[in-house]
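Read the numbers this way: they start at 1 and go in the same order the structure lists the ligands and their atoms. Heads up: numbering here begins at 1 and tracks the sequence.
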Amino acid sequence: MLIYKKTDVLKDILRKWRENGEPLNWVPTMGALHDGHISLIEAAKQQKGHVLCSIFINPTQFNDPNDFKKYPVTIEKDIYLLESNAVDLLFLPSVDEIYPAGFDGLPHYDLGYLESILEGKFRPGHFQGVCQVMDKMLQIIEPDYLYMGQKDYQQCMIIRRLLEITGSKTVLYTCPTKREPDGLAMSSRNIRLTAGERKKANAIFQALHFLKENLKKGNLMELISEAKSILAKNDFRVDYAETVDADSLQMLNSWDGKRPLVALIAAFQKEVRLIDNMILTEKDNSE
Ligand code: AMP
């Protein structure tokens with residue numbers, strides 16, 4: 001596996017691949033890799049061409065400085081995992097490489113309603129940071145295909161919007177959420193949970209599952225309040241637990257029996273903030 005830290009040398013090899021007509025498949029990550037990330041790499045390997053994975057912990061998307069400081073770093077293990085999964089190239093830039101002029105004057109993106117709800121509401125500025133780094137890296141890498149996880153449902157919608165705004169030709173694939181055997185969505189943050197917190201952490205999956213099993217036409221508020229009590233019984237402090245239109249993310253207090261619905265939850269187990277979601281109106285592909 002090639003490992004590049006500098007943009008100019010990266011661009012050289014990508015240009016050569018492009019000239020040879022070899023498509024480029026990009027899997028962006030922040031490292032501390034787990035099987036969820038590997039499932040994106042597997043999806044990328046199904047396509048023709050090369051697989052490039054990036055690891056970059058983007059400072060501009062952390063609204064909580066403590067979360068940034070404590071974000072897990074396991075770079076040696078990550079490199080081993082990427083090698084063993086036959087990734088062609090790892091892009092491992094420094095903060096200066098991505099933000100050579102610092103953080104002042106970075107662009108602002110018109111994300112509209114999508115940015116005002118759920119993660120956008122509870123993590124102000126987060127999606128602007130996500131767009132800043134993705135826009136920069138999309139311009140450097142110019143991938144044909146981009147692979148992201150449904151685990152970050154709203155983020156996938158934001159990136160679709162970014163691709164639209166910037167007129168990018170990159171095609172985004174949203175890949176299913178990979179779960180632990182007890183249902184907990186795999187996440188780099190899970191390694192910060194103590195054994196006791198880890199046991200309770202699958203309550204998010206239980207709450208989502210409860211919503212899916214009990215969904216019926218009409219008012220959704222009672223259902224949501226029961227899902228919240230599953231979380232509270234397991235010592236979760238809830239940022240949000242919502243059922244929304246799966247295509248527009250419009251908040252819905254009642255369901256007409258037809259609209260596609262997704263449930264999204266963000267909650268703290270002690271200091272660790274976890275997010276997850278489940279499509280309620282069709283088979284969910286998570287494993
Ligand atoms: P992160 O390193 O957390 O920024 O995640 C990098 C990519 O992996 C994002 O597109 C995530 O949505 C995706 N991802 C994270 N966890 C999972 C998971 N459990 N299953 C599938 N994809 C995931």
Side-chain angles (χ1 to χ4, degrees), residues 25-46 51-64 67-68 70-75 77-79 81-82 85 87 90-93 95 98 118-119 123 126-138 141 143 145-163 170-193 198 201-202 204-205 208 262 264-266 272-279 284-287:
N25 299 282
W26 176 34
V27 180
T29 80
M30 297 204 298
L33 300 180
H34 50 68
D35 279 355
H37 297 113
I38 302 303
S39 72
L40 305 189
I41 289 165
E42 284 302 322
K45 279 166 41 183
Q46 302 300 311
V51 177
L52 181 157
C53 179
S54 56
I55 297 181
F56 180 66
I57 306 179
N58 173 38
T60 73
Q61 72 187 66
F62 285 84
N63 54 312
D64 172 1
D67 189 24
F68 178 55
K70 293 201 172 156
Y71 200 84
V73 177
T74 60
I75 192 64
K77 182 173 157 253
D78 292 352
I79 291 174
L81 263 178
L82 295 175
N85 281 279
V87 165
L90 166 62
F91 182 39
L92 195 57
V95 171
I98 297 297
L118 305 166
E119 287 298 281
R123 300 186 66 187
H126 168 64
F127 285 132
Q128 288 299 324
V130 168
C131 286
Q132 283 153 358
V133 72
M134 287 298 288
D135 191 9
K136 283 205 178 255
M137 289 177 97
L138 280 162
I141 298 170
Y145 302 100
L146 166 62
Y147 299 81
M148 302 188 81
Q150 186 200 312
K151 156 86 169 37
D152 297 277
Y153 192 93
Q154 192 176 6
Q155 172 170 272
C156 287
M157 295 186 71
I158 293 277
I159 297 305
R160 264 185 215 294
R161 173 99 186 104
L162 175 72
L163 294 173
T170 299
V171 175
L172 169 64
Y173 285 123
T174 302
C175 304
T177 302
K178 194 95 179 159
R179 300 181 178 283
E180 300 288 356
D182 68 349
L184 174 67
M186 290 181 183
S187 163
S188 305
R189 289 185 167 88
N190 293 351
I191 50 182
R192 291 183 54 208
L193 297 166
R198 169 64 190 84
N202 77 339
I204 295 190
F205 177 73
L208 291 168
V262 60
L264 301 111
I265 292 177
V272 184
R273 187 175 185 275
L274 301 175
I275 63 169
D276 198 357
N277 65 81
M278 192 177 280
I279 308 272
D284 193 282
N285 291 324
S286 10
E287 296 161 7

Check whether any side-chain N or O of [X] sits under 3.5 Å from a backbone N or O of [Y] as a donor-acceptor pair, and report yes or no.
| X | Y | result |
| --- | --- | --- |
| Asn190 | Ala185 | yes |
| Glu119 | Gln154 | no |
| Asn63 | His126 | no |
| Ser39 | Lys178 | no |

- Step by step, work out the side-chain contact (heavy atoms from CB on, under 4.5 Å) result for Asn58 and Lys136. CA-CA 11 Å; Asn58 173 38; Lys136 283 205 178 255; over 6 Å; no
Does only the side chain of [X] get under 4.0 Å from ligand 1, or the backbone, or both, or neither? Count heavy atoms.
| X | value |
| --- | --- |
| Cys156 | neither |
| Gln150 | neither |
| Arg179 | neither |

- Query: Given side chains that start at C-beta, do those of Asp182 and Phe205 come closer than 4.5 Å, heavy atoms only?
  - Reply: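 With C-beta onward as the side chain, the pair stays apart.
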Short list, please: which atoms of ligand 1 are under 4.0 Å from a heavy atom of [X]?
| X | result |
| --- | --- |
| Pro28 | 6 (C), 7 (C) |
| Tyr71 | 3 (O) |
| Pro176 | 20 (N), 21 (C) |
| Thr29 | 2 (O), 6 (C) |

If we only count N/O pairs under 3.5 Å, is [X] in contact with ligand 1?
| X | answer |
| --- | --- |
| Lys151 | no |
| Leu40 | no |
| Ser188 | no |

- Message: Quick check: closest heavy atoms across Arg179 and Asp276, and the distance to 0.1 Å?
- Response: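 Distance-wise, the nearest heavy atoms are NH1-OD2, 2.8 Å.
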- If you take all heavy atoms of Cys156 and Gly149, which pair is closest and at what distance?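 Looks like SG-O, 3.3 Å.
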- Describe, in one word, how the ring planes of Phe62 and Phe68 are oriented to each other, choosing from parallel (under 30°), tilted (30 to 60°) and perpendicular (over 60°).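 If you compare the ring of Phe62 with that of Phe68, the planes turn out tilted.
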- For Tyr147, the option from Thr174, Asn25, Thr29 that meets side chain to side chain donor-acceptor pair (under 3.5 Å):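 The passing option is Asn25.
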Students should be able to answer this: which protein heavy-atom is nearest to [atom], and at what distance?
| atom | result |
| --- | --- |
| atom 12 (O) of ligand 1 | Asp152 OD2, 2.6 Å |
| atom 1 (P) of ligand 1 | His37 NE2, 3.6 Å |
| atom 4 (O) of ligand 1 | Met30 CG, 3.6 Å |

- Check each of Gln155, Lys178, Met186 against atom 20 (N) of ligand 1 and report the one with the nearest heavy atom.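 Residue with the shortest heavy-atom distance to the ligand atom: Lys178.
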- Task: Using heavy-atom distances, let me know which of Ser187, Gly149, Ala32 sits nearest atom 22 (N) of ligand 1.
- Result: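 Among Ser187, Gly149, Ala32, the closest heavy atom to atom 22 (N) of ligand 1 comes from Gly149.
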